[in-house]
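These numbers were taken from a predicted model, which means no experiment stands behind them.
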Amino acid sequence: MTRKNNSMGAILLQKESFRRTKFGTLLYSDPISDHEESSNNSARSSNASSAPSPPRTSSFNGTNTTSNNNSPNYFMSPWNQSASPYVKSPWIHQPLLDSSEESESSDCKNGLIGSLVREGGHIYSLAASGDLLYTGSDSKNIRVWKNLKEYSGFKCQSGLVKAIVVYGDKIFTGHQDGKIRVWKFLGKKRKAYKRVGSLPTVRDYLKSSINPKAYVEVRRNRNVPWIKHFDAVSCMSLDKERGLLYSGSWDKTLKVWRLSDSKCLESINAHQDAINSVVVGFDGLVFTGSADGTIKAWRRELVGNSAKHVLVETLLKQDNAVTSLAVNAAAATVYAGSSDGLVNFWERQKHFLEYGGALRGHKLAVLCVAVAGNLVLSGSADKSICVWRREEGGIHSCLTVLTGHNGPVKCLTVEEDSNGSNNDNDSEDEAQMEKKSDKYWRVYSGSLDNSVKVWRLSENSFSGFEEI
């Protein structure tokens, strides 16, 4: 979710409550058919694709700064585009379009590296693993990219791909129809992926379906086996240390899967409305965010003779939907984007989590949040990505705003860029010192404008951007 940027100070952390906003169209859009999708696009995205945004204000230590933001038109609006010029491939690497962007890319500091533009299909999910990027869309395709070029891909008939998780040579995909598919990479020589199963397994599902005690009531006069999601799988998160996969769904449940045998260990009625995000945190905690406006912290503990997840704390109760979560494990900090345009955060204080404040940078709903070292990125329905840096004492500074998307920024993912600090113009010693003192990240942003943009960011150097 990804305007001209002017100078802007650090952001005051404000502790306030806000009224609920209408947000269903972005969270619950379910394109049943291509015709319905195209006819509803203008209504869903009217706010996000509207003309210039109003002034963005921030305050810190009593100082107010204002910046007017005008989004540059890198591409024609996907909602006004009658036909795509890209006929050879459904995806294409879009080069940088002006000299300023080329200079940003050439100095290997910060900037837009390139874009992957798609003929049809909003980008709903991303996952990066090493030099591979996985993209999921409402076309039911999962595309695999390497060095900004199409590498491989696979497809199933389970509806749009809302979540992707990579674990070794296995890829888990969560779909609109409530299914979780499991795929395996067949090796670099074949560059292919094979579907090897699903969650739950067919055997476990059949076993539970013939057991009357395994059914739970999900709606009036409708019972289903507890081990299967009956609505869209909206999010997933891995606990690699414990070998667990967590899946959250619009059916309001959080399910826990054991990766060694694909067994569903628990199904937790976690929220009163759709779960939009789940993330494995620190200190054994798992966080869930929901459209009911709450954020809950869970921990797996021994209950009787078995280990179960228990509710540790409810971090937030508000009217606005919680759309996304991210964790800085090193700083023991949790970030939560919500439909009021704020990113709230909590920090560990000894044995409890304390509310740290709110990052204000967007005028429309925050749809995704990601953490890269001490950087925090928030993508919004206002088509921009705010980049924040966590300073000592939990203070956050807004470093820049990334613009270029023509639609709401729906998903973000980050990988460390080991080549980011290389510069041919520097001496070897200077390059080594820079590499030790700074980290570079490759950020991928997926949007409802049908594109994925690739950015390079550093934690300390922002010479390629105008500061805000």
Chi angles and distances behind the side chain to side chain contact (heavy atoms under 4.5 Å, CB included) call for Ile268, Thr288:
CA-CA 11 Å; Ile268 306 165; Thr288 55; over 6 Å; no
Do Phe154 and Arg195 pass the side chain to side chain contact (heavy atoms under 4.5 Å, CB included) test, and can you show the C-alpha distance, the side-chain angles, and the key distance before you say yes or no?
CA-CA 9 Å; Phe154 44 99; Arg195 182 183 156 192; over 6 Å; no
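- Closest heavy-atom contact between Val414 and Ala372: CG1-CB, 3.5 Å.
- Between Phe185 and Tyr151, the ring planes are tilted. Angles from 30° to 60° get that label.
- Residues His362 and Ser384 meet the side-chain proximity criterion, which asks for heavy atoms closer than 4.5 Å.
- Checked by atom type and distance alone, the side chain of Thr253 never pairs as donor or acceptor with a backbone atom of Asn269 at under 3.5 Å.
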Walk me through it: do Met236 and Leu199 pass the test side chain to side chain contact (heavy atoms under 4.5 Å, CB included)?
CA-CA 12 Å; Met236 296 187 292; Leu199 300 179; over 6 Å; no
Could you give me the CA-CA distance, side-chain angles and deciding distance for Trp441 and Glu459, then say whether side chain to side chain contact (heavy atoms under 4.5 Å, CB included) is met?
CA-CA 8 Å; Trp441 304 93; Glu459 291 194 25; 3.2 Å; yes
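- Without hydrogens or angle criteria, Ser152 side chain to Val144 main chain gives no donor-acceptor distance under 3.5 Å.
- For Ser290 against Ala274, the heavy-atom pair with the smallest separation is OG-O, 2.8 Å.
- Screening Tyr193, Trp145, Trp183 for a side-chain hydrogen bond (donor to acceptor under 3.5 Å, both in side chains) involving Tyr134 leaves a single residue, Tyr193.
- Arg222 places a side-chain heavy atom less than 4.5 Å from the side chain of Phe230.
- Thr413 contributes no side-chain N or O that, together with a main-chain N or O of Tyr444, makes up a donor-acceptor pair within less than 3.5 Å.
- For the pair Ile180/Ser247, a side-chain contact is recorded, criterion being any heavy-atom separation below 4.5 Å from C-beta on.
- Between the side chain of Asn276 and the backbone N or O of Gly289 there is no donor-acceptor pair closer than 3.5 Å.
- In plain terms, the two heavy atoms of Leu353 and Glu313 that are nearest each other are O-OE2, 3.9 Å.
- Once rounded to the nearest 0.5 Å, the distance linking OG of Ser445 with CG of Leu126 reads 8.0 Å.
- Between Trp346 and Tyr355, the distance separating the two ring centers is shorter than 6.0 angstrom.
- Residues Arg242 and Gly284 approach most closely at NH2-CA, 4.1 Å, considering heavy atoms.
- Closest non-hydrogen pair, Glu415 versus Gly130, comes out as OE1-N, 3.2 Å.
- Side-chain contact between Val280 and Phe287 is absent, with no heavy atoms from C-beta onward closer than 4.5 Å.
- A side-chain donor-acceptor contact under 3.5 Å links Thr323 to the backbone of Val366.
- The distance from the CG atom of Leu342 to the CD atom of Gln318 is 8.0 Å, given to the nearest 0.5 Å.
- In this structure the side chain of Cys156 reaches within 4.5 angstrom of the side chain of His175, judged on heavy atoms.
- The shortest distance between side-chain heavy atoms of Lys162 and Val233 does not fall below 4.5 Å.
- For Val303, the side chain to side chain contact (heavy atoms under 4.5 Å, CB included) partners are Lys308, Val310, not counting sequence neighbours.
- Side-chain atoms of Asp283 never come within 3.5 Å of backbone atoms of Leu285 as a donor-acceptor pair (strictly under, hydrogens ignored).
- Panel note: side chain Ser125, backbone Ile164; no donor-acceptor pair is recorded below 3.5 Å.
- One finds the CD1 atom of Ile123 at 7.5 Å from the OG atom of Ser139 (value rounded to the nearest 0.5 Å).
- Remark: Glu391 CD is packed, more than 12 non-hydrogen atoms of other residues, nucleotides or ligands lying under 6.0 Å away.
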Test log, rule side chain to side chain donor-acceptor pair (under 3.5 Å), inputs Lys453 and Ser115
CA-CA 4 Å; Lys453 291 191 179 298; Ser115 299; 2.8 Å; yes
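- For Glu217, the CD atom is densely surrounded, since the number of other residues' heavy atoms within 6.0 Å is greater than 12.
- The shortest distance between side-chain heavy atoms of Asp138 and Tyr124 falls below 4.5 Å.
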Show me the side-chain donor-acceptor pairs of residues 326-336 shorter than 3.5 Å, one per line, residues at least two apart or across chains.
{"from": "Asn328", "atom 1": "OD1", "to": "Ala330", "atom 2": "N", "distance (Å)": "3.3"}
{"from": "Asn328", "atom 1": "OD1", "to": "Ala331", "atom 2": "N", "distance (Å)": "3.1"}
{"from": "Asn328", "atom 1": "ND2", "to": "Gly373", "atom 2": "O", "distance (Å)": "3.2"}
{"from": "Thr333", "atom 1": "OG1", "to": "Ala331", "atom 2": "O", "distance (Å)": "3.1"}
{"from": "Tyr335", "atom 1": "OH", "to": "His396", "atom 2": "NE2", "distance (Å)": "2.8"}

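- Distance check, rounded to the nearest 0.5 Å: CZ of Arg390 to OG of Ser397 gives 11.5 Å.
- Looking only at distances, a side-chain donor or acceptor of His122 sits under 3.5 Å from a matching main-chain atom of Leu448.
- In this structure the side chain of Val286 never reaches within 4.5 angstrom of the side chain of Asp239, judged on heavy atoms.
- Looking only at distances, a side-chain donor or acceptor of Thr201 sits under 3.5 Å from a matching main-chain atom of Asp204.
- Atom NE2 of His271 and atom OG1 of Thr314 lie 8.0 Å apart (nearest 0.5 Å).
- Taking every heavy atom of both residues into account, Ser249 and Ala232 meet most closely at OG-O, 2.8 Å.
- Looking at Ser451, its side chain never comes within 3.5 Å of a backbone N or O of Leu116 through a donor-acceptor pair.
- Summarising the geometry, atom CG belonging to Asn344 is positioned 7.0 Å from atom CD1 belonging to Ile295; distances are rounded to the nearest 0.5 Å.
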Please step through side chain to side chain donor-acceptor pair (under 3.5 Å) for the pair Lys255 and Ser267, ending with a clear verdict.
CA-CA 4 Å; Lys255 296 192 188 298; Ser267 180; 2.6 Å; yes
